[in-house]
Amino acid sequence: MTHEALVSADRRLAGLHILVVEDEFLIAMELEDAIAQMGATVTMVGGRTEALDALAHERPDGAILDVQLGEEMSYDVAKQLIGLKIPFILATGFEGTILPPHMRDRPRLSKPFAPADLERLAVQVFRARR
């Protein structure tokens, strides 16, 4: 693959704004770095209140949402994303059957995740919107 093709492949989310909602610092940094390397602008928040506040002030093109944020669940954030028609990926170790019905059919990135899986899913979910 040529250098130009590599740069093009790495920037497949160029021009997009992605909200990342993740409370675990190292995972948050890994997600932010990977999404930024694909060319997207990233807004990072660590909890459900911050996520809801961010959604009240901006409209990202997509989101990566951790299901469990400390001792809180992000179910209401998912409902807000659905209501705003913002595509999102669930980052979770939970099985689909444990999730509430409005979250079960959403794309899932299983923790721990491989960077290639994140890239494939992010491009599939977020570029499909354009």
Side-chain angles (χ1 to χ4, degrees):
M1 189 179 285
T2 67
H3 175 69
E4 291 79 18
L6 285 171
V7 169
S8 174
D10 287 345
R11 305 221 18 106
R12 289 187 276 178
L13 298 183
L16 298 181
H17 174 207
I18 306 299
L19 173 67
V20 175
V21 184
E22 173 61 62
D23 65 323
E24 293 185 39
F25 180 76
L26 293 177
I27 295 172
M29 293 298 98
E30 185 177 356
L31 287 167
E32 180 181 33
D33 184 53
I35 296 298
Q37 283 185 19
M38 288 185 267
T41 301
V42 180
T43 296
M44 293 289 308
V45 297
R48 57 174 283 289
T49 302
E50 296 90 349
L52 293 169
D53 186 53
L55 291 170
H57 294 96
E58 56 189 70
R59 291 291 179 269
D61 297 298
I64 299 175
L65 179 62
D66 184 7
V67 173
Q68 186 170 358
L69 299 165
E71 296 192 17
E72 299 179 311
M73 303 306 276
S74 62
Y75 302 155
D76 56 343
V77 178
K79 282 186 178 178
Q80 184 75 5
L81 290 165
I82 291 166
L84 294 170
K85 296 182 176 18
I86 296 172
F88 63 96
I89 297 169
L90 296 174
T92 184
F94 291 134
E95 294 294 324
T97 56
I98 293 174
L99 299 171
H102 70 279
M103 294 173 76
R104 287 185 190 150
D105 64 342
R106 299 295 161 169
R108 275 196 301 278
L109 182 64
S110 295
K111 290 181 180 180
F113 58 87
D117 292 338
L118 169 62
E119 182 177 348
R120 177 190 50 74
L121 194 56
V123 169
Q124 175 187 353
V125 172
F126 303 139
R127 292 305 301 179
R129 181 171 185 188
R130 288 211 145 179

Using the side-chain contact (heavy atoms from CB on, under 4.5 Å) rule, take E22 and K111 through it: C-alpha gap first, then chi angles, then the decisive distance, then the call.
CA-CA 12 Å; E22 173 61 62; K111 290 181 180 180; 2.9 Å; yes
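Looking at residues two or more places apart in sequence or on another chain, you find no side chain to side chain donor-acceptor pair (under 3.5 Å) involving H102.
Atom CG of D53 is separated from atom CD of E58 by 9.0 Å, given to the nearest 0.5 angstrom. With rounding to the nearest 0.5 Å, the separation of CD1 in I64 from CE in M44 is 9.0 Å.
Smallest separation of non-hydrogen atoms from G47 and L69: C-CD1, 3.8 Å. Of all the heavy atoms in V125 and P107, the pair that sits closest is CG2-CG, 3.6 Å.
R108 places no side-chain N or O within 3.5 Å of a backbone atom of L90 that could act as its donor or acceptor partner. Remark: side-chain polar atoms of E32 are not paired, donor with acceptor, to backbone N or O of A34 under 3.5 angstrom.
Exactly one residue among T43, V45, L31 makes a side-chain contact (heavy atoms from CB on, under 4.5 Å) with V21. That residue is V45.
Contact of the E119 side chain with the R12 side chain is registered, since non-hydrogen atoms from C-beta on lie closer than 4.5 Å. Two residues are said to be in side-chain contact when any heavy atoms from C-beta on lie closer than 4.5 Å; M38 and R127 fail this criterion. Side-chain contact between L55 and I86 is present, with at least one heavy-atom pair separated by less than 4.5 Å. F88 has its side chain out of reach of L19: every pair of non-hydrogen atoms, C-beta onward, lies at least 4.5 Å apart. Side-chain contact check for L16 versus P60: every heavy-atom pair is 4.5 Å or farther apart.
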Donor-acceptor pairs are to be reported for all side-chain atoms of residues 75-82 against protein atoms at under 3.5 Å, with residues two or more places apart or in another chain.
residue, atom, partner, partner atom, Å
D76, OD1, R48, NE, 3.2
D76, OD2, R48, NE, 3.2
D76, OD2, R48, NH2, 2.5

